[in-house]
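A short write-up of the structure that comes next.
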Amino acid sequence: MKTKFPINAFRDISTPFFYYDLDLLNTILSEVQQQARQLGYQLHYALKANINDPVLISIRKKGFGADCVSGNEILKAVETGFDPKSIVFAGVGKSDDEIRIGLQHHIHSFNCESLQELEVINHLAGGMNTQAAVSLRLNPNIDAHTHRYITTGIEENKFGINLWELNQVLEKINSFNNLTLIGLHFHIGSQILDQSVFKGLCLRINEIQQWFEERKIRINHINVGGGLGVNYSDPDGNLPDFNTYFNIFKQFLELRPGQQLHFEPGRALVAQSGSLISRVLYIKEGIKTRFAILDAGMTELIRPALYQAVHKIQNLTSSGLPLTYDVVGPICESSDCFGKAVILPQTQRGDLIAIRSTGAYGEVMSSSYNLRTKAKAYYSKDLLNHE
Ligand SMILES: *Cc1c(COP(=O)(O)O)cnc(C)c1O
């Protein structure tokens with residue numbers, strides 16, 4: 001499914017702004033949810049990828065739960081109608097206030113990342129006269145083969161409880177009166193395209209399950225996190241391959257009777273439905289390089305600067321002959337560059353540029369550096385009927 005840009009409507013909007021194709025989003029959501037239902041899998045959308053209300057509401061309406069990594073995300077999920085019983089809460093540094101928010105809403109699970117966190121949750125739950133449902137976020141020591149900034153499942157990462165700590169953790173949990181251990185949680189990284197990594201995760205979980213079984217500890221929920229990647233170079237091509245993804249878990253993960261399998265996709269659901277729309281401010285000829293200077297920068301989309309991410313760049317309004325450009329933003333940092341040696345139809349001041357696949361980790365990571373104005377968001381349902 002190809003995103004159709006309402007270019008006439010764009011001409012009247014001040015740039016830069018984010019554009020969301022909600023039809024594409026809904027198509028992806030329906031497809032993924034249908035496949036998950038057939039297999040009996042529970043999906044929790046990772047809010048941190050995109051927290052715009054129309055996006056969240058579309059996702060909630062399709063029956064997704066929520067995966068939150070802050071107290072404010074829990075509040076946001078509740079506000080936009082997600083069932084608190086469908087909320088899972090991860091994060092290595094949950095503050096006391098954030099834990100209390102989770103306790104007040106009786107969320108499905110605190111995905112705990114350290115021994116000390118378990119202690120604190122038990123203590124706070126006791127103070128509120130309630131029980132906390134917890135899962136252990138285990139560090140499976142699996143390399144996700146992705147960018148080192150977004151790999152999270154190897155032992156020297158800050159995330160998760162290491163397997164060699166498990167004995168001690170279980171001893172502690174047994175002494176806590178306000179915790180119920182309901183599950184095991186894993187999340188090994190993001191933008192994973194080599195799906196064999198997920199097979200490795202399944203096999204590791206099977207070993208870990210054995211360990212719990214030998215100790216007669218019943219685990220009702222297995223949560224395998226998110227991480228499925230998207231094709232940034234071809235945003236109009238195939239949708240993220242959830243079919244292969246789910247089938248790997250169906251084939252290789254040995255669930256025990258009555259165990260529920262949970263997933264926390266973020267990027268794969270929302271990335272392709274968003275684009276950052278910008279105008280060309282200036283064309284500047286260097287000695288060897290021709291620069292297209294945009295009015296959008298790393299303040300709107302930091303992924304290229306932060307993770308060397310590559311996003312497809314399109315000129316929406318020119319049909320000139322192809323030329324090569326370094327496409328850069330206006331921010332006073334050399335890393336404020338969206339792409340080097342990008343081939344675009346001959347580009348001039350005023351042209352509209354789409355930077356594609358910005359629906360995940362785009363707008364949410366924007367900043368006011370250089371005292372920039374926050375870019376607005378527009379939605380297909382509001383613009384397409386003006387075409
Ligand atoms: C970020 C995150 C996700 C979502 O990751 P994606 O790569 O966007 O699918 C899921 N679970 C946890 C715990 C996360 O931190």
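We count ligands from 1, going down the list as the structure has it; atoms in each ligand are counted the same way.
Heavy atoms of D67 found under 4.0 angstrom from ligand 1 belong exclusively to the side chain.
With a 6.0 Å cutoff to the six-membered ring centre and a 45° limit on the axis angle, R137 does not count as a cation-pi contact of F186.
Minimum heavy-atom separation, E113 to G160: OE1-N, 3.0 Å. The minimum heavy-atom distance linking N111 with E117 is given by the pair O-OE2, 4.1 Å. Of all heavy-atom pairs between K250 and L39, the closest is CD-CD2, 3.2 Å.
Every atom of ligand 1 is numbered from 1 in the order shown, and the set under 4.0 Å from a heavy atom of G226 is 9 (O), 10 (C). The ligand atoms of ligand 1 that sit less than 4.0 angstrom from a heavy atom of G266 are 6 (P), 8 (O), 9 (O).
Backbone and side-chain nitrogen or oxygen atoms of V69 are examined, and none is located within less than 3.5 angstrom of a nitrogen or oxygen of ligand 1. Among the atoms of A46, none of the N or O lies under 3.5 angstrom from an N or O of ligand 1.
Considering only non-hydrogen atoms, atom 2 (C) of ligand 1 lies nearest to K48 out of H185, E264, K48, R267.
A centroid separation of 6.0 Å or more is found between the aromatic rings of Y378 and Y19. You'll find the ring centres of F246 and F263 inside the 6.0 Å limit. Remark: aromatic rings of F82 and Y45 are distant, center separation not under 6.0 Å.
In this structure, A49 does not count as a contact residue of ligand 1, since none of its heavy atoms falls inside 4.0 Å of the ligand. At a 4.0 Å cut-off, at least one heavy atom of Y361 sits close enough to ligand 1 to count as contact.
Scanning the protein heavy atoms around atom 7 (O) of ligand 1, the nearest turns out to be S190 OG, 2.3 Å.
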